[in-house]
Amino acid sequence: MKIAFFSTRSYDREYFDRENARAKHHIWYVEAPLQEETASLAQGYAAVCLFVNDRVTAAVAERLATVGVRLLALRCAGYNHVDLAAAERWGLTVVRVPAYSPHAVAEHTVALILTLNRKTHRAYNRVREGNFALENLMGFDLYGKAVGVVGTGKIGKVFAQIMMGFGCRVLGYDPFPDAELAAAGAEYVPLDDLLQRSDIVSLHCPLTEATYHLINADSLDLMRPGAMLINTGRGALIDTKAVVQALKSGHLGYLGLDVYEQEEGLFFHDFSNEIIQDDLIARLMTFPNVLITSHQAFFTHEAMTEIARTTLHNVTAFEQGLPLENAVRRGG
Ligand code: NAI
């Protein structure tokens, strides 16, 4: 099948070419993101492949359908960036990669926590400059701390299990509690309780209308003074302006982000030689107790291999008219 592959990076090409040696689709790699201005590039391609910051608005869906696209193959798990109603209206089938490596994201979440806590990033730079002082590198034991996990699906569950290995108490909040996790000792509580009782709060729920700005000025007020907030879910789970205020007041002790509300057009690109125009992220970058990575939690060899394999499998299944186990439909 002919696939127009948007937002291509070097690593996408490497992993998809390797997997495509077997699948044998015709892939055209495009560096440009998928948006209204670029949708027409897909003319003559029955499928487009898109990533987390390629937005399929109603206008993009219309444009794609008009130039003959029939399949949207998402090479990611989240689908909040696709207007599913518009896709349905324009006869576009949507498939995704529901799970590739929950371990990749869960382990990166732990990396953020350990770095923020033990300040290994600062220690690395200090020692290289011949500074062996310990001032301002003080951390805290994870052992015995309460870790709140918002969303205990595939990623949240693996993360919770890792934190239990550190000797942490796990508090969970999820409309569908996980029986195995509860049996292992996780305590399911209402969200307000979780926020009030946790030393570390980590977000692993999808971005939906219900979870948009789940962390806002009110929920931040509920959190323990000095607590750590980690978001590897989606940027808009957090009201970033409210979080900046909570950091400025000192109420929020640490912030670790792998996703950011305005990451589109910023993350996955090199702006090291340019002036950053986004004042909010520029402000966040000034705090010593904030750590930002640019949506790299998924980025492991195992996850990329699985993403390429499942995406191409989805395309093949669509082409051959087979059942689409990874189809995304409106309302779940
Ligand atoms: P999943 O579908 O297995 O789990 C999500 C869980 O959130 C489910 O148990 C669901 O019941 C729960 N949930 C739904 N609404 C909720 C609410 N209002 N409050 C609390 N919990 C709620 O999804 P998975 O694979 O664990 O991924 C979670 C999210 O992580 C994805 O939606 C995606 O946004 C994000 N993600 C981030 C990546 C990164 O590289 N930073 C990579 C992959 C996923």
Side-chain angles (χ1 to χ4, degrees), residues 1-35 38-39 41-42 44-56 60-61 64-65 67-84 87-88 90-105 108 153-155 206-207 234 259 264 267-268 295-330 332:
M1 196 162 186
K2 288 180 79 180
I3 309 170
F5 194 106
F6 284 86
S7 295
T8 308
R9 294 285 166 270
S10 56
Y11 42 85
D12 292 314
R13 204 181 260 262
E14 181 187 336
Y15 281 83
F16 274 79
D17 276 351
R18 190 178 304 156
E19 288 302 316
N20 198 35
R22 259 178 293 138
K24 300 201 185 315
H25 292 292
H26 170 94
I27 305 178
W28 178 43
Y29 293 105
V30 186
E31 273 183 34
L34 175 61
Q35 54 200 32
T38 59
L41 290 172
Y45 289 79
V48 299
C49 184
L50 54 142
F51 198 44
V52 291
N53 291 329
D54 293 312
R55 237 165 239 294
V56 181
V60 171
L64 290 174
V67 299
V69 171
R70 290 181 292 125
L71 179 69
L72 303 181
L74 277 51
R75 54 182 192 276
C76 55
Y79 49 87
N80 52 284
H81 51 302
V82 176
D83 183 334
L84 292 178
E88 194 178 294
W90 288 101
L92 296 168
T93 300
V94 184
V95 287
R96 65 174 179 138
V97 186
Y100 33 93
S101 170
H103 303 282
V105 184
H108 188 77
K154 290 179 284 295
I155 295 169
L207 175 62
R234 282 292 179 264
V259 286
E264 202 182 318
F267 282 14
F268 310 128
H295 211 135
Q296 73 173 77
F298 74 97
F299 200 51
T300 65
H301 167 70
E302 290 78 3
M304 281 300 293
T305 303
E306 198 48 45
I307 286 171
R309 185 177 301 151
T310 306
T311 304
L312 295 175
H313 164 82
N314 288 341
V315 175
T316 304
F318 177 82
E319 187 179 30
Q320 298 180 354
L322 300 172
L324 296 176
E325 73 255 36
N326 297 323
V328 185
R329 292 188 184 87
R330 218 147 48 103

Is any side-chain heavy atom of Asp17 less than 4.5 Å from a side-chain heavy atom of Tyr29?
yes
Compare every heavy atom of Leu64 with every heavy atom of Ala39, then report the nearest pair and how far apart it is.
O-CD2, 3.7 Å
Exam field: side chain Thr8 to backbone Val30, donor-acceptor pair closer than 3.5 Å
yes
Quick one: are Phe318 and Val95 in side-chain contact, heavy atoms under 4.5 Å?
no
Side-chain touch Leu71/Thr93, heavy atoms, less than 4.5 angstrom:
yes
Heavy-atom side-chain proximity of Ile27 to Asn20 below 4.5 angstrom:
yes
Just by distance, do the side chain of Arg55 and the backbone of His81 share a donor-acceptor pair under 3.5 Å?
no
Exercise: identify the closest heavy-atom pair between Val69 and Leu92:
O-CD2, 3.1 Å
Test item: Leu41 and Phe6 side chains (from C-beta on) under 4.5 Å apart, heavy atoms:
yes
Check: Thr311 side chain, Ala308 main-chain N or O, donor-acceptor pair, under 3.5 Å
no
Residues in ring pair (Phe, Tyr, Trp, His ring centres under 6.0 Å) contact with Tyr15, at least two apart in sequence or another chain
His301
Contact summary for Leu84 and Val94, nearest pair of heavy atoms:
CD2-CG2, 4.2 Å
Would you please name every residue forming a side chain to side chain donor-acceptor pair (under 3.5 Å) with His108, sequence neighbours left out?
Thr293
Which heavy atom of Ala42 sits nearest a heavy atom of Val67, and at what distance?
C-CG2, 4.0 Å
Just so I know, are the side chains of Phe267 and Val52 near enough to count as touching, which here means a heavy-atom distance under 4.5 Å?
no
Under a 3.5 Å distance rule, please check whether Glu319 uses its side chain to pair with a backbone N or O of Met1 as donor and acceptor.
yes
Taking side chain as C-beta onward, heavy atoms only, is Tyr100 less than 4.5 Å from Glu302?
no
Could you tell me which non-hydrogen atom of Asp54 sits nearest to which non-hydrogen atom of Leu34, and how far apart they are?
OD1-N, 2.8 Å
Minimal heavy-atom distance between Cys49 and Ile3, with the atoms involved, is CB-CG2, 3.8 Å
For a ring pair (Phe, Tyr, Trp, His ring centres under 6.0 Å) with Phe5, tell me which candidate from Phe16, Phe51, Tyr45, Trp28 qualifies.
Phe16
Trace of the side-chain contact (heavy atoms from CB on, under 4.5 Å) decision for Arg96 with Leu72:
CA-CA 8 Å; Arg96 65 174 179 138; Leu72 303 181; over 6 Å; no
Below 4.5 Å, heavy atoms only, C-beta onward: do Arg18 and Arg309 meet side chain to side chain?
no
